[in-house]
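Single-structure report; data block below.
In each ligand, atom 1 is the first atom listed, and ligand 1 is the first ligand listed. Please read all numbers here as calculations on a predicted model, not as lab measurements.
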Amino acid sequence: MTPVPVITIDGAGGTGKGVVSQLIAKKLKWHLLDSGALYRVLALAAQKHNVSIEIENESALTVLAEHLDVQFVAVALGEFPRVLLEGEEVTNIIRTEKTGNSASKVGALPAVRSALLNRQRAFRQSPGLVTDGRDMGTVVFPDADVKIFLTASPHVRAQRRHNQLKERGIDVNLSDLVEELTERDRRDQERTVAPLKPAMDAVLVDTDFLTIDEVVEKILSVVKQKI
Ligand code: C5P
């Protein structure tokens with residue numbers, strides 16, 4: 001039996017991988033996995049259950065990850081899902097930079113990452129999966145059919161994240177955002193397990209001077225050649 005096809009789209013925050021993945025999943029009518037949302041929900045669950053995110057609490061956080069009661073409710077294939085933690089709507093709350101930062105702390109713990117592996121792989125359902133994150137092409141789906149790694153300069157990424165948050169009604173200071181994103185990138189790149197880096201066989205796409213539609217087009221042309 002041929003495995004269900006997978007397209008992985010990795011990159012740092014603000015490279016546009018979330019919206020690009022969603023548009024591609026929608027176009028192909030495939031499933032969508034926003035793996036960052038899992039780490040964000042876990043960070044929120046830790047806060048809710050008063051487990052502070054420190055290396056000393058790795059086993060408690062791992063238990064939390066194993067039992068994480070999270071639901072992604074999509075209205076249709078390829079649409080952005082609503083996110084529920086223990087039945088409660090957290091779709092917007094998980095998007096703050098504070099939660100992103102906590103997600104990156106919890107994501108630096110190796111046992112936590114292992115606990116989330118199978119949950120992520122379970123999203124590989126017919127007719128196909130588009131997934132975005134930091135280690136989709138390197139660790140979670142090393143046999144993916146197409147691997148993309150998006151890049152963009154720090155200022156462009158901070159500006160995009162700023163606009164995105166504003167659209168969701170979350171107002172933040174741009175220079176604070178640059179600082180927070182830089183710190184988060186450093187942690188994501190320097191961690192010992194599943195650091196942010198392109199897979200050996202990933203196609204690199206610099207998005208600085210491309211619109212979202214141009215990035216989508218570029219990726220779809222790679223998909224056409226490979227799948
Ligand atoms: O992509 P997003 O900004 O939602 O991810 C939040 C954080 O979750 C990242 O900064 C990263 O530390 C962590 N993450 C991860 N592995 C993934 C996806 C996200 O470690 N596959």
Compute the shortest N/O to N/O distance between [X] and ligand 1 and return yes if it is under 3.5 Å, no if not.
X: Arg184; result: yes
X: Arg113; result: yes
X: Asp188; result: yes
X: Asp132; result: no

With a cut-off of 4.0 Å, which atoms of ligand 1 are near a heavy atom of [X]?
X: Met136; result: 21 (N)
X: Lys17; result: 1 (O)
X: Asp135; result: 16 (N), 17 (C), 21 (N)

Specify the protein heavy atom at minimum distance from [atom]: its residue, its atom name, and the distance to 0.1 Å.
atom: atom 14 (N) of ligand 1; value: Tyr39 CD1, 3.7 Å
atom: atom 1 (O) of ligand 1; value: Arg134 NH1, 2.9 Å
atom: atom 4 (O) of ligand 1; value: Arg40 NE, 2.6 Å
atom: atom 19 (C) of ligand 1; value: Gly36 CA, 3.5 Å
atom: atom 18 (C) of ligand 1; value: Ser35 OG, 3.4 Å

Nearest heavy atoms of [X] and [Y], plus distance in Å:
X: Val223; Y: Val146; answer: CA-CG2, 4.1 Å
X: His31; Y: Phe123; answer: CB-O, 4.2 Å
X: Leu150; Y: Gly16; answer: CD1-C, 4.2 Å

Problem set entry | Which segment of Glu183 sits under 4.0 Å of ligand 1 when only heavy atoms are counted | neither
Problem set entry | Arg187 contact mode with ligand 1 (heavy-atom cut-off under 4.0 Å) | neither
Exercise. Would Arg161 and Glu180 satisfy side-chain contact (heavy atoms from CB on, under 4.5 Å), going step by step from the backbone distance to the final call?
Worked result: CA-CA 11 Å; Arg161 188 46 70 88; Glu180 280 167 354; over 6 Å; no
Exercise. Quick check: are there more than 12 heavy atoms from other residues, nucleotides or ligands sitting under 6.0 Å from NZ of Lys48?
Worked result: yes
For this session: State whether the number of non-hydrogen atoms from other residues, nucleotides or ligands found under 6.0 Å of Glu179 atom CD is greater than 12.
Result: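 No, CD of Glu179 has 12 or fewer neighbouring heavy atoms, counting only those of other groups under 6.0 Å.
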Exercise. Taking atom CE of Met136 and atom CG of Leu129, what is their separation to the nearest 0.5 Å?
Worked result: 9.5 Å
Problem set entry | Distance-only polar pair, side chains of Arg187 and Ser104, donor-acceptor under 3.5 Å |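 Note: Arg187 and Ser104 side chains meet the donor-acceptor criterion.
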Problem set entry | Audit row: Ser21, Asp34, side chain to side chain donor-acceptor pair (under 3.5 Å) steps and yes/no | CA-CA 8 Å; Ser21 302; Asp34 166 8; over 6 Å; no
